[in-house]
Enquirer: 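So that we are looking at the same thing, I have put the structure below in structure tokens.
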Number of protein chains: 2
Amino acid sequence: MNVRKKLSASSEDYLEAIYNLVSLHKVARSKDIAESLGVSRASVTGAIKLLSDKGLVDYKPYGYVYLTEKGGKEAAAVAKRHTIIETFFVKVLGVDQQEAESAACKAEHALGSTIIPRLLSFTEFYCEQDNIAAEFKKFCKSKGI
Amino acid sequence: MNVRKKLSASSEDYLEAIYNLVSLHKVARSKDIAESLGVSRASVTGAIKLLSDKGLVDYKPYGYVYLTEKGGKEAAAVAKRHTIIETFFVKVLGVDQQEAESAACKAEHALGSTIIPRLLSFTEFYCEQDNIAAEFKKFCKSKGI
DNA sequence: TAATATAGTTAGCTGTTCCTAACTTGTCAA
DNA sequence: TTGACAAGTTAGGAACAGCTAACTATATTA
């Protein structure tokens, strides 16, 4: 409980998966977590125990998994980073949705509180500029990208 | 030797450190690798063995560490990703050099061949635009960032 | 309600990445 | 040349992240 230490990428992934499942189905089941992360059920049990030790998840054997308040905040933060990065990839770089999604999944663990707010601001700023996206597309085409 | 598998973030870090040390001092010593990655000398020995098994590094106990041709290519690719990301952070997002460097260190393992070329193109494109950096600065100020 | 299918857990293993402590090897200077 | 210090390695261990196989609990349904 209450270990003040940065979460591993893996733990963040589990937290995010739980967060998304809860958003969709009100509840997160071990099997669905396993499926959404492409991991065995046994691995989920192990990961959940770690999260539980850190006070991020409420869990009793054979029961559903719930985020604690603290876990919910962490998860929401990860999900937000994910969205900001994905949006930047799509709206600014012009990457297609699926690629952007899977790239954001990896990058969300690497970018912190210096980069993320600026990335968000930049995306907002960029989207306000008239025509610039079209200009960039032209630029890319001229370079054969 | 010749294991066709994606390198771990850790292996990429070691490769990059060796690459940078060789660029600077013609030679990479275990102690300097340890120092530049903030890791114990024993960890370096272990990591070097892994890289050697993969044919990325030439190494004899108690000798210097050299990159093989294959290792050199890998290392250069990592270093290039690093530069592209760092440049984007500085030139586009306006993050200061040091922050950009350390953030790029983490992100370089997460961004792949979809995102990196686009990020590079985008940075080039952006730097060609007159005044836009100043506009973004204004935008940030107006939002209190 | 009893049998069975599904979900979850446990045990035990592998591999990675780091550590410290203790040892070996190499180098330099008195 | 040798002895001390620096550099490198080995051994052993911890934490994490995954796996399979075998077990247990829960839920469904005939």
Side-chain angles (χ1 to χ4, degrees), chain A residues 1-18 21-22 24-66 71 74 78 105-106 108-110, chain B residues 1 3-18 21-22 24-66 74 78 105-106 108-110:
Chain A
M1 266 257 206
N2 282 327
V3 181
R4 265 268 153 257
K5 215 196 132 193
K6 252 195 67 192
L7 290 171
S8 67
S10 167
S11 287
E12 286 187 347
D13 281 334
Y14 281 99
L15 229 40
E16 195 185 9
I18 295 165
L21 286 167
V22 170
L24 276 173
H25 307 122
K26 306 275 184 206
V27 131
R29 286 179 310 170
S30 196
K31 193 218 166 193
D32 296 327
I33 299 170
E35 222 157 74
S36 80
L37 293 175
V39 124
S40 76
R41 275 159 17 235
S43 297
V44 175
T45 302
I48 296 292
K49 277 183 190 163
L50 282 184
L51 292 175
S52 177
D53 288 346
K54 289 177 182 142
L56 298 166
V57 135
D58 260 342
Y59 139 91
K60 271 177 211 145
Y62 297 98
Y64 293 133
V65 179
Y66 302 98
E74 280 289 355
V78 176
C105 258
K106 290 169 199 153
E108 75 197 14
H109 310 297
Chain B
M1 266 256 208
V3 180
R4 265 269 152 258
K5 214 194 133 194
K6 250 194 67 191
L7 290 171
S8 67
S10 168
S11 287
E12 287 188 345
D13 280 334
Y14 282 99
L15 229 40
E16 196 185 10
I18 295 164
L21 286 168
V22 170
L24 276 173
H25 306 121
K26 305 277 182 205
V27 130
R29 286 180 311 170
S30 196
K31 193 219 165 192
D32 296 327
I33 300 169
E35 221 157 75
S36 82
L37 293 175
V39 125
S40 76
R41 273 153 25 227
S43 298
V44 174
T45 302
I48 296 292
K49 277 183 190 161
L50 282 184
L51 292 175
S52 177
D53 288 346
K54 288 175 182 143
L56 297 166
V57 136
D58 260 341
Y59 139 90
K60 274 178 210 143
Y62 296 99
Y64 293 133
V65 179
Y66 302 98
E74 279 290 353
V78 176
C105 258
K106 290 169 200 154
E108 75 197 14
H109 310 297

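Scope of the values below: all heavy atoms of this structure, side chains included, with no hydrogens, waters or symmetry mates. Naming convention: chains lettered A, B, ... in sequence-line order (proteins, then strands); numbering from 1 in each chain.
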Enquirer: At 4.0 Å (heavy atoms only), tell me whether B/Ser10 reaches a base, stays on the sugar-phosphate, or touches nothing.
Expert: sugar-phosphate
Enquirer: Between A/Ser43 and D/dA17, is there a contact of a side-chain N or O with OP1 or OP2 at under 4.0 Å?
Expert: no
Enquirer: Do you know the tightest heavy-atom contact between A/Cys105 and A/Asp13?
Expert: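 So the minimum-distance heavy-atom pair works out to O-OD1, 4.4 Å.
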Enquirer: Is there side-chain contact between A/Ser30 and A/Val65, with heavy atoms separated by less than 4.5 Å?
Expert: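 The answer is no; the side chains never approach within 4.5 Å.
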Enquirer: How many angstroms lie between atom NZ of A/Lys6 and atom CD of A/Glu12, to the nearest 0.5 angstrom?
Expert: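 Atom-to-atom, A/Lys6:NZ and A/Glu12:CD are 7.0 Å apart.
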Enquirer: Would you mind reporting whether A/Leu51 and A/Ile18 have side-chain heavy atoms less than 4.5 Å apart?
Expert: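 Heavy-atom side-chain distance check passes, below 4.5 Å.
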Enquirer: What is the separation between atom CG on A/Leu37 and atom C1' on D/dG18, rounded to the nearest whole Å?
Expert: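 Interatomic distance, CG of A/Leu37 to C1' of D/dG18: 12 Å.
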Enquirer: What's the CG-P distance between A/Asp53 and D/dA15, to the nearest Å?
Expert: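 It is 11 Å, rounded to the nearest whole Å.
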Enquirer: Between atom NZ in B/Lys54 and atom C1' in C/dT17, what is the gap in whole Å?
Expert: 12 Å
Enquirer: Does some side-chain heavy atom of B/Tyr14 sit less than 4.5 Å from a side-chain heavy atom of B/Val39?
Expert: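 Side chain of B/Val39 against side chain of B/Tyr14, heavy atoms only: contact under 4.5 Å found.
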Enquirer: Find every protein N or O atom lying less than 3.5 Å from an N or O atom of nucleotides 8-11 of chain C, and list the pairs.
Expert:
{"unit_1": "C/dG8", "atom_1": "OP1", "unit_2": "A/Ser30", "atom_2": "N", "d": "3.4"}
{"unit_1": "C/dG8", "atom_1": "OP2", "unit_2": "A/Lys31", "atom_2": "N", "d": "2.6"}
{"unit_1": "C/dG8", "atom_1": "N7", "unit_2": "A/Arg41", "atom_2": "NE", "d": "3.2"}
{"unit_1": "C/dG8", "atom_1": "N7", "unit_2": "A/Arg41", "atom_2": "NH2", "d": "2.8"}
{"unit_1": "C/dG8", "atom_1": "O6", "unit_2": "A/Arg41", "atom_2": "NH2", "d": "3.2"}
{"unit_1": "C/dT9", "atom_1": "OP1", "unit_2": "A/Tyr59", "atom_2": "OH", "d": "3.0"}
{"unit_1": "C/dT9", "atom_1": "OP1", "unit_2": "A/Tyr62", "atom_2": "N", "d": "3.3"}
{"unit_1": "C/dT9", "atom_1": "OP2", "unit_2": "A/Thr45", "atom_2": "OG1", "d": "2.9"}
{"unit_1": "C/dT9", "atom_1": "O4'", "unit_2": "A/Tyr62", "atom_2": "OH", "d": "3.3"}
{"unit_1": "C/dT10", "atom_1": "OP2", "unit_2": "A/Lys49", "atom_2": "NZ", "d": "2.6"}

Enquirer: Would you indicate, yes or no, if D/dA17 has its OP1 or OP2 atom less than 4.0 angstrom from a side-chain nitrogen or oxygen of A/Ser8?
Expert: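 Yes, A/Ser8 has a side-chain N/O under 4.0 Å of OP1/OP2 on D/dA17.
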Enquirer: Atom CD of B/Glu35 to atom P of D/dG8: distance rounded to whole Å?
Expert: 11 Å
Enquirer: Please report the distance, rounded to the nearest Å, between CG in A/Leu50 and P in D/dG18.
Expert: 10 Å
Enquirer: Just the rounded figure in Å: distance from C1' of C/dC18 to CD1 of B/Ile33.
Expert: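 Roughly 16 Å, once rounded to whole Å.
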Enquirer: What is the distance from NE2 of A/His109 to P of D/dC16, rounded to the nearest Å?
Expert: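 A/His109 atom NE2 is separated from D/dC16 atom P by 17 Å.
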Enquirer: Would you indicate whether the side-chain heavy atoms of B/Ser11 and B/Glu74 approach each other to under 4.5 Å?
Expert: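 Heavy-atom side-chain distance check fails, nothing below 4.5 Å.
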